[in-house]
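In what follows, chains carry the letters A, B, and so on, assigned in the order in which the sequence lines appear, proteins first and then strands, with residues in each chain numbered from 1. Computed from heavy atoms alone, side chains included, the values below leave out hydrogens, waters and symmetry copies.
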Protein chains: 2
Amino acid sequence: MPRPKTSQTRQRIQEAALELFTEQGVRQTSLRQIADRLGLTKPALYYHFESREELVTSLLQPLVDDLDALLAEDEAASEIDARDLLGRYFDVSYKHHALMGLMRQDLPALGEVGFVTRVLGWRRRLTVLLAGPDADTAAQARAIVALGGLADCLVLLAETPVDELREATLDAACAALGPS
Amino acid sequence: MPRPKTSQTRQRIQEAALELFTEQGVRQTSLRQIADRLGLTKPALYYHFESREELVTSLLQPLVDDLDALLAEDEAASEIDARDLLGRYFDVSYKHHALMGLMRQDLPALGEVGFVTRVLGWRRRLTVLLAGPDADTAAQARAIVALGGLADCLVLLAETPVDELREATLDAACAALGPS
DNA sequence: GTCTATAATGAGATAGAC
DNA sequence: GTCTATCTCATTATAGAC
C-alpha cells in the first residue's frame, strides 16, 4: 500500500471533507457524503486514507504546523509587541479560517483525534505571551477576551474584506488587552 | 403516555446527559452511555423522553427562556448601559455555564435540534444593542470581541470565584467595547 | 485507482412482559 | 417505571474483481 502523501484525488477528498465539515459539523459528516460529493464510492476513500481519523488529522496538520511555528518563534523572542503578535495570530487564523472555525465551534468532534489538549495548550501559551506567566485574573481575562474575540471576528465577520477586518479586529483585541 | 414534564428521574437523566455532553460532546454521547451512568437501560430513557432530540431540546430550554427574556427586556428599554447589559449577559451565561459551553464548543451538534439560527440571532441582536443597528465594521468588531471574549472567560477561567471572575471579565469586555 | 459486495458494529427506537 | 428482546438503519471498514 503506497498511498502517496500527496495526490490530486487525495487533495480533492480533503477539500470536499472540509466543506462538509464546515457546513454540518465533523461528526455529522459521513464518509459516504464525502464520496458522493466527489462522485466516488466509500472504498475509494480508503485507498487514499487509512481511516476516517487519518483524514481528519491530515486536514488539521497544516494549521498545527503553522501555529506551532508561530508560538515557537514568539516564545524564543526576547521581547514581544502585543499588536504584532496578535497580527501574526490573525494572519495564521485567516489563512486557515475554515479549520479555525472547526476548532472553535466543533472542538468535541476534534477531540476524537486527540486535539483538545493541543488547543488548550495553544491558548495557554498565547495567554502567557500576552499577559505573562504569573498574570492575575484581570490580566488573564484581558488576554482571553483579546484572543477569543479575535477568533470570533473571523467567524462572524467573514464577509468583510481582509484588510478592513484585520484592522478592526486588531483594534478591538488590543483595546481589550489595555495599556501594556 | 402521560410523561410528566417534571419528575425525579427525568431530571437525573438531564443531569447525567449534560455531564456527558460536557465531557465528550453531544454527538459523541449515546443514549446507552447516559443510561449506564444512571444504572438504567435505554428503553427507560424513552419513557421519560420521546426521543433523543427531545432530551437535548429540553436541556437547552431554560437557557433559551432566560436569554430571550433578557433580550426582550433590553430591546424594550429606551436607553441601555453597556456594562449593565454585559453584566446581565454574564449572569445568565454563568447561571447556565455548562449549556453556554456547549453552545460555544459544540454548535454543529446543536444544529441537529435547530439551534444554530437561534444562536446567531442572539448574537446579532446583542451586537445591535451594543453597537447600534448601523454599526461599521470597527464597532461590530468591538461588540463581537466583548461578547465572544466574555463567553471564553466563563469557559477558560471556570475555576475562578464568581465575583472575581465577573469583575475581571466585565472590565476586559468593556475595554474592548471602548468609550461609548 | 476505483468498483461491487459485504462484514461488523453500534446507534436510535419500539413491543410487550413485569 | 423499568426491564428483555428485537427491529431498522447508518456507519466504518475490508475483500476481492477490474
Side-chain angles (χ1 to χ4, degrees), chain A residues 1-60 102 106 108-115, chain B residues 1-60 102 106 108-115:
Chain A
M1 290 83 170
R3 277 207 207 78
K5 281 289 176 190
T6 179
S7 84
Q8 260 297 320
T9 307
R10 185 178 160 101
Q11 205 171 334
R12 286 180 61 232
I13 293 170
Q14 288 174 322
E15 286 163 13
L18 182 53
E19 280 174 28
L20 285 162
F21 289 170
T22 302
E23 287 168 21
Q24 58 187 13
V26 174
R27 198 64 210 284
Q28 286 73 13
T29 300
S30 68
L31 296 181
R32 161 131 162 123
Q33 287 176 296
I34 298 168
D36 281 356
R37 175 158 296 203
L38 296 170
L40 293 177
T41 57
K42 278 188 290 174
L45 266 48
Y46 278 92
Y47 175 81
H48 296 278
F49 295 94
E50 244 181 28
S51 65
R52 178 201 169 85
E53 192 169 326
E54 200 221 324
L55 168 56
V56 177
T57 303
S58 78
L59 220 52
L60 296 170
L102 292 187
D106 218 355
L110 302 183
E112 277 185 318
V113 293
F115 212 62
Chain B
M1 290 85 169
R3 275 205 206 81
K5 282 289 177 189
T6 177
S7 83
Q8 260 296 321
T9 308
R10 185 179 159 101
Q11 207 172 331
R12 286 182 60 232
I13 293 170
Q14 288 174 323
E15 286 163 12
L18 183 52
E19 280 174 28
L20 284 162
F21 290 169
T22 302
E23 287 168 21
Q24 58 187 14
V26 174
R27 198 65 211 284
Q28 285 73 15
T29 300
S30 67
L31 296 182
R32 164 95 205 272
Q33 287 178 296
I34 297 169
D36 281 358
R37 174 158 301 202
L38 296 169
L40 293 177
T41 56
K42 271 191 293 175
L45 266 46
Y46 278 91
Y47 175 83
H48 296 277
F49 296 94
E50 242 180 29
S51 64
R52 177 201 170 86
E53 191 169 327
E54 200 221 324
L55 167 57
V56 176
T57 304
S58 79
L59 220 51
L60 296 170
L102 292 187
D106 219 354
L110 303 182
E112 278 184 319
V113 291
F115 211 63

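Using a 4.0 Å cut-off between charged nitrogen and carboxylate oxygen, B:Glu23 and B:Arg37 count as a salt-bridge pair.
Atom-to-atom, CD of B:Glu54 to C1' of C:dA13 comes out at 14 Å; the value is rounded to the nearest Å. Nucleotide C:dA11 holds its P atom 15 Å from the CG atom of B:Leu55, rounded to whole Å. The CZ atom of B:Arg32 sits 12 Å away from the P atom of D:dC3 (whole-angstrom rounding). The nearest whole Å value for the distance from the CG atom in B:Asp36 to the C1' atom in D:dT2 is 15 Å. Going from atom CG of B:Leu31 over to atom P of C:dT14 covers 12 Å, rounded to whole Å. As rounded to whole Å, 9 Å separates atom C1' of D:dT14 from atom OH of A:Tyr46. Separating the CD atom of B:Glu50 from the P atom of C:dA13 is a distance of 10 Å, rounded to the nearest angstrom. For A:Leu45 and C:dC3, the CG to P distance is 10 Å, given to the nearest whole Å.
Remark: A:Ser7 is not in phosphate contact with C:dG1, judged by side-chain N or O atoms under 4.0 Å from OP1 or OP2. In this structure, A:Thr41 does not reach the C:dT2 phosphate: none of its side-chain N or O atoms is under 4.0 Å from OP1 or OP2.
Annotation for B:Glu19: atom CD counts as buried by contact number, over 12 foreign heavy atoms lying within 6.0 Å.
By the 4.5 Å heavy-atom criterion applied to side chains, A:Leu18 and A:Leu102 are counted as neighbours. Between A:Val56 and A:Arg27 the shortest side-chain heavy-atom distance does not fall below 4.5 Å. For the pair A:Arg52/A:Val113, no side-chain contact is recorded, criterion being any heavy-atom separation below 4.5 Å from C-beta on.
Mapping A:Gln28 and A:Pro43 onto DNA chain D by nearest heavy atom places A:Gln28 at the nucleotide closer to the 5' end. Checking B:His48 against A:Gln33, the closest nucleotide of DNA chain D that is more toward the 5' end is the one next to B:His48.
If you check every strand for non-hydrogen atoms under 4.0 Å, A:Ser30 touches sugar and phosphate atoms only.
Of the listed nucleotides (C:dC3, D:dT2, C:dA13), C:dA13 has the atom at the smallest distance from the side chain of B:Arg52.
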